[in-house]
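These notes concern the structure reproduced below.
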Amino acid sequence: MSEGYAALESLLATGGSYTVVLGSRAELEPWRYGQLQPSLQSSNSVLERLDCDFARYTSVYQFAEIIKTKYAEPIDVLVLCAGKISSRCRHTVDGQEETLQVNVLSHALLIELLALKLGVNGTPCRILMVGSSLHRSVPEGTVSPANIDTKLSVNFDPMEVYHITKLIQVFLMYTVQERFNDDQRPVSVVVVSPGGRTVCRGITQNFPSGTYFSQRKIEETAEETYNMELRHAWTQWFISKNVWKPEFIEAPAPPMAPLGPIPAPGHVENYGQGQELDQGQWQWQGQGQTPMMPFGQSGSYPPQTQQPWFQMPGQGQGQGSHS
């Protein structure tokens, strides 16, 4: 069971009404939907699944386009938990090493494509990435934007490559943090490790932007990630990969992968059984809206019923941080 379902179960257990968008490669299994159905009905929430394959930039563009055109509400929580360990060195149709694209580059691209729906009109938003403490196992100074292509292709070792992608993911967290700090939008970004229950803590507890936390405590990231010159170098690397922009603009679809039409109904599954939300069912600092959570690909475990960081109807200011 993966992290996205775990986060979803925890969210539904808070008692609020939500619009949840699940991006995944595979359709939602009937048994999984059956497991979620009681919580969806009792919370008057809506769950939709959309095709999204992080190994294909075209799929990420299509997923983001549907989110931007179908849903008017700003995004409250963006959980990025797609990840993999490739058994051998192989490249995607976009020309990137597969583990790197799935674990890091497509995450950056999706954030960039949805940037104008994050922190809109003062609405707080949390971006949560699922990382790994194994990023610290990469020897300091051995990986840089200048040698990354060589490191991922020569003497390919699946676990070493995975560790490297998780180190680069930490640099992505700091890149995202700097972007939204500069723009003064109320968007925070955190990395959690491992997934599962830790993802759910990110939904219900309060952590400042740029936090890396595990099951036990807030932790420091690898020492080299505090090097500001190196952070800047990785930001420029993301830009050079065409998955990140130096400022907030709508990123065009890549020439080699033009955005196709919105998928046919068979590719969009609406699992929600509740009624449409009205303005009184969701509150954030007095502003009514419908929360929305696009997820990366992901599983589940028994949810914890905790107060979320956001404010629910009839409650005081929400506590906890956002994932």
Side-chain angles (χ1 to χ4, degrees), residues 4 7-8 18-28 46-83 92-94 96 100-121 123 125-130 169 172-173 175-176 179-180 183 185 187 189 238-239 241-270 289-298 322-323:
L8 174 55
Y18 305 96
T19 296
V20 181
V21 181
L22 174 67
S24 65
R25 291 175 297 156
E27 295 185 0
L28 190 64
V46 174
L47 169 64
E48 285 197 273
R49 192 203 72 83
L50 303 176
D51 285 340
C52 188
D53 182 356
F54 274 24
R56 294 188 301 114
Y57 286 155
T58 303
S59 180
V60 178
Y61 273 93
Q62 290 176 333
F63 175 75
E65 186 67 15
I66 295 173
I67 295 296
K68 291 187 289 186
T69 58
K70 184 173 182 179
Y71 302 97
E73 305 89 352
I75 295 172
D76 298 286
V77 183
L78 178 60
V79 177
L80 298 165
C81 46
T92 68
V93 295
D94 304 297
Q96 304 299 327
L100 179 66
Q101 180 164 332
V102 172
N103 292 3
V104 186
L105 295 176
S106 285
H107 293 220
L109 178 61
L110 185 58
I111 295 171
E112 179 63 53
L113 293 173
L114 296 177
L116 296 181
K117 291 186 70 67
L118 308 177
V120 178
N121 297 325
T123 301
C125 174
R126 164 64 53 82
I127 301 170
L128 183 145
M129 307 177 199
V130 176
Q169 182 187 51
L172 175 61
M173 175 184 73
T175 292
V176 175
R179 159 76 74 77
F180 285 101
D183 198 60
R185 293 196 186 194
V187 177
V189 55
F238 288 123
I239 294 172
K241 290 292 185 179
N242 294 317
V243 297
W244 197 248
K245 302 296 177 183
E247 57 188 31
F248 282 116
I249 59 174
E250 288 286 359
M256 77 288 243
L259 179 65
I262 291 178
H267 294 273
V268 180
E269 302 150 24
N270 190 327
Q289 64 186 47
T290 304
M292 179 173 62
M293 292 182 64
F295 284 80
Q297 310 163 40
S298 310
H322 140 311
S323 302

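Scope of the values below: all heavy atoms of this structure, side chains included, with no hydrogens, waters or symmetry mates.
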Single hit among Val187, Leu128, Ile111 for side chain to side chain contact (heavy atoms under 4.5 Å, CB included) with Leu78: Ile111

Trace of the side-chain contact (heavy atoms from CB on, under 4.5 Å) decision for Leu50 with Ile67: CA-CA 9 Å; Leu50 303 176; Ile67 295 296; 4.1 Å; yes

Over all atoms of both residues, closest heavy-atom pair of Phe63 and Gly23: CE1-CA, 3.6 Å

Donor-acceptor contact below 3.5 Å, side chain Arg185 vs main chain Cys125: no

Nearest heavy atoms of Ala64 and Leu110, plus distance in Å: CB-CD1, 4.1 Å

Separation between CG of Leu22 and CD of Glu27, rounded to the nearest 0.5 Å: 11.5 Å

Flag, side chain of His107 to backbone of Ala82, donor-acceptor distance under 3.5 Å: yes

Interatomic distance, Glu112 atom CD to Ile239 atom CD1 [nearest 0.5 angstrom]: 9.0 Å

Met129 and Val189: CA distance, side-chain angles, deciding distance, side-chain contact (heavy atoms from CB on, under 4.5 Å) verdict: CA-CA 8 Å; Met129 307 177 199; Val189 55; 3.8 Å; yes

Partner of Leu80 under side chain to side chain contact (heavy atoms under 4.5 Å, CB included), chosen from Val130, Ile127, Leu172: Ile127

Partner set under side-chain hydrogen bond (donor to acceptor under 3.5 Å, both in side chains) for Gln101, not counting sequence neighbours: Thr92, Asp94

Any donor-acceptor pair under 3.5 Å from Lys117 side chain to Tyr71 backbone: yes

Criterion side-chain contact (heavy atoms from CB on, under 4.5 Å) on Val21 and Ile66, from CA distance to verdict: CA-CA 10 Å; Val21 181; Ile66 295 173; over 6 Å; no

Pairwise side-chain contact, Arg179 with Trp244, heavy-atom cut-off 4.5 Å (strictly under): yes

For the student: nearest non-hydrogen atoms of Tyr57 and Leu109, plus distance: CD2-CD2, 3.6 Å

Pairing residues for Thr175 by the side-chain hydrogen bond (donor to acceptor under 3.5 Å, both in side chains) criterion, not counting sequence neighbours: Thr235

Verdict with reasoning, Val60 to Phe54, per side-chain contact (heavy atoms from CB on, under 4.5 Å): CA-CA 6 Å; Val60 178; Phe54 274 24; 3.9 Å; yes

Contact check, side chains of Leu47 and Leu28, non-hydrogen atoms, under 4.5 Å: yes

Euclidean distance, Asp51 CG relative to Ser24 OG, rounded to 0.5 Å: 7.0 Å

Shortest non-hydrogen contact between Gly83 and Asn103, atoms and distance: CA-OD1, 3.1 Å

